[in-house]
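Down below is the structure, laid out as structure tokens.
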Amino acid sequence: MKQPELTTLCYIEKDNKYLMLHRVKKEHDINKDKYIGVGGHFEYGESPDGCLKREVMEETGLTLLSYKPRGIVTFIYGDETTPEDRVVEYMHLYTADETSGELIECSEGELVWIDKSEVYNLPVWEGDKIFFRLLEEREDYFSLKLIYNEAGELIESEII
């Protein structure tokens, strides 16, 4: 059985906009052509906050000065007939409202500021629309479970 993936994702907020990464530079990217926040995989022994700060710096050149853990999102994706081969990812979701530094060019895509009201109209994962709504409506920490089939279609979601 595969080990779960551990990741972070951050939406940096400024002037009612999110800093988003349009994933257009990497081939064989599960997020190819989609808009996502910034973040990535844990390094061995790294804490969620440590991973978040490192990934944001690597992808944007920005140092986080003020950020908040908002929730945990459990992703399950792959062929439903072979549960042991499905990928499980636990993503620690954050928002940030204060940074220092200057944006750099990202090797994984284009960094763009997107008005929060426009995020639903972008090519994003269907489940991302659920956590965008939770980020808007809730201040408390939440847990969201999203199950995708191997075609990348959201087949089940559960807010816990």
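Worth saying up front: this structure is predicted, and the values here are computed from it rather than measured. No hydrogens, no waters, no symmetry mates; every other heavy atom, side chains included, goes into these values. Residues take their numbers from the sequence shown, with the count starting at 1.
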Any heavy-atom pair between the side chains of His22 and Glu110 that's under 4.5 Å?
yes
Heavy-atom closest pair, residues Glu126 and Tyr148
N-OH, 3.8 Å
Side chains of Leu19 and Leu103: closer than 4.5 Å at any heavy-atom pair?
yes
Tell me, yes or no, whether the heavy-atom count around Phe142 atom CZ, taken from other residues, nucleotides or ligands under 6.0 Å, exceeds 12.
yes
Taking the side chain as C-beta and beyond, is there a heavy-atom pair between Ile130 and Leu154 under 4.5 Å?
yes
Separation between CD1 of Ile72 and OG of Ser143, rounded to the nearest 0.5 Å
7.0 Å
Leu9 reachable from Val88 in the ILVMFWY side-chain graph, under 4.5 Å edges
no
Could you check if a side-chain atom of Lys2 sits within less than 4.5 angstrom of a side-chain atom of Val87, using non-hydrogen atoms only?
yes
Could you grab the distance from atom CG of Leu52 to atom CG of Leu64, nearest 0.5 Å is fine?
5.0 Å
Between Met91 and Phe131, does the side chain to side chain contact (heavy atoms under 4.5 Å, CB included) criterion hold? Intermediate values first, please.
CA-CA 12 Å; Met91 182 185 78; Phe131 64 70; 4.0 Å; yes
Contact summary for Asp33 and Pro123, nearest pair of heavy atoms:
O-CG, 3.7 Å
Is Glu13 salt-bridged to Lys68, going by a charged N under 4.0 Å from an acidic O?
no
Atom pair NZ (Lys53) and CD (Glu55), whose distance is rounded to the nearest 0.5 Å:
14.0 Å
Report the C-alpha separation of His41 and Thr8 in whole Å, then their side-chain angles, then the decisive distance to 0.1 Å, and conclude whether the side chain to side chain contact (heavy atoms under 4.5 Å, CB included) test is met.
CA-CA 7 Å; His41 289 82; Thr8 58; over 6 Å; no
Leu135 versus Leu93: any side-chain heavy-atom pair under 4.5 Å?
yes
First locate atom CD1 of Ile147, then atom CD of Glu156, and finally report the distance between them rounded to the nearest 0.5 Å.
4.0 Å
Tyr11 and Phe132 aromatic centres sub-6.0 Å
yes
Decide whether Met20 and Ile12 are clustered together by the hydrophobic rule: side chain heavy atoms of Ile, Leu, Val, Met, Phe, Trp, Tyr closer than 4.5 Å, transitively.
no
Are the side chains of Met57 and Leu62 in contact, using a 4.5 Å heavy-atom criterion?
no
Does one hydrophobic cluster hold both Phe75 and Trp125, with members joined at side-chain heavy-atom distances below 4.5 Å?
yes
Interatomic distance, CG@Leu6 vs CD@Glu89, rounded to 0.5 Å, equals 8.5 Å
Do the non-hydrogen side-chain atoms of Thr7 and His92 ever get within less than 4.5 Å of each other?
no
Salt bridge flag under 4.0 Å for residues Lys116 and Glu136
no
Quick one: do Tyr77 and Leu146 satisfy side chain to side chain contact (heavy atoms under 4.5 Å, CB included)? Show the steps, please.
CA-CA 8 Å; Tyr77 45 96; Leu146 302 170; over 6 Å; no
Is there a path of hydrophobic side-chain contacts, each under 4.5 Å between heavy atoms of I, L, V, M, F, W or Y residues, that connects Ile114 with Tyr120?
yes
Look at the side-chain heavy atoms of Ile, Leu, Val, Met, Phe, Trp and Tyr, link any pair under 4.5 Å apart, and say whether Tyr141 and Tyr90 land in one connected group.
yes
When you look at CD of Glu137, are more than 12 heavy atoms from neighbouring residues, nucleotides or ligands closer to it than 6.0 Å?
yes
Check ion pair Asp15-Lys17 (N to O, under 4.0 angstrom)
no
Would you name the heavy atoms of Cys106 and Glu59 that are closest together and state the gap between them?
CB-O, 3.3 Å
Looking at every non-hydrogen atom in both residues, tell me the closest pair between Thr95 and Arg70 and how far apart they are.
OG1-NH1, 3.3 Å
Contact check, side chains of Ser47 and Phe42, non-hydrogen atoms, under 4.5 Å
no
Can you tell me if Asp49 and Tyr94 form a side-chain donor-acceptor pair at under 3.5 Å?
yes
Ion pair present between Glu43 and Arg54, side-chain N to carboxylate O less than 4.0 angstrom?
yes
Quick one: pull up OH in Tyr18 and CD in Glu118 and give me the separation to the nearest 0.5 Å.
13.5 Å
Closest heavy-atom pair, Thr60 versus Leu111, reported as atoms and distance to 0.1 Å, is CA-CD1, 3.9 Å
After noting the C-alpha distance and the side-chain angles of Glu158 and Leu144, does the key distance pass the side chain to side chain contact (heavy atoms under 4.5 Å, CB included) rule?
CA-CA 6 Å; Glu158 178 183 11; Leu144 172 64; over 6 Å; no
Which heavy-atom pair separates Asn121 from Ser117 by the least distance, and what is that distance?
ND2-O, 4.2 Å
